Amino acid sequence: MNDEFFLEDGKEVVVTSHMNVRCDGGNGPLGHPAEFLTLSSKGQAVCGYCGRRYVLEGTPAATAVRATGQTKAA
């Protein structure tokens, strides 16, 4: 599955099928140093640099993001 990007209350949320993710802010040279995150047992992690939240596919949190979040182009 490809990652899905959403906006929820103005913050980026990524629904992913991976337990380990890499975040660089997504802005090319304007991003931040790469941070490698492991999703918690509840299937979530938040980047310490940019605040982007990663949510594991199939969890209640992913269902909620899809229901309330606004789809964002990757």
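Bear in mind the structure is a predicted one, so any value in this text is a computation, not a measurement.
Minimum heavy-atom separation, Gly25 to Cys50: CA-SG, 4.3 Å.
Taking CD of Glu57 as the reference point, atom CG of Asp3 lies at 10.0 Å (rounded to 0.5 Å). Atom NE2 in His18 sits 13.0 Å away from atom OG1 in Thr38 (nearest 0.5 Å). Atom CD in Glu12 sits 10.0 Å away from atom SG in Cys47 (nearest 0.5 Å).
Remark: Leu56 pairs with Met19, Leu39, Thr59 by the side chain to side chain contact (heavy atoms under 4.5 Å, CB included) rule, at least two apart or across chains. Take Glu8 and apply the salt bridge (charged side-chain N to carboxylate O under 4.0 Å, His left out) test, not counting sequence neighbours, and it matches Arg53.
Side-chain contact check for Cys23 versus Tyr49: every heavy-atom pair is 4.5 Å or farther apart. Side-chain contact check for Val21 versus Phe36: every heavy-atom pair is 4.5 Å or farther apart.
Evaluation of the salt bridge (Lys or Arg N to Asp or Glu O under 4.0 Å) test over residues 22-33, restricted to residues two or more places apart or in two chains, returns Arg22-Asp24.
With hydrogens and angles disregarded, a donor-acceptor distance shorter than 3.5 Å links the side chain of Glu35 to the backbone of Gly48.
Under the 4.5 Å side-chain heavy-atom criterion for Ile, Leu, Val, Met, Phe, Trp and Tyr, Leu37 and Val46 are members of distinct hydrophobic clusters. The hydrophobic cluster containing Tyr54 also contains Phe5, counting ILVMFWY residues as joined when their side-chain heavy atoms lie under 4.5 angstrom apart, directly or transitively.
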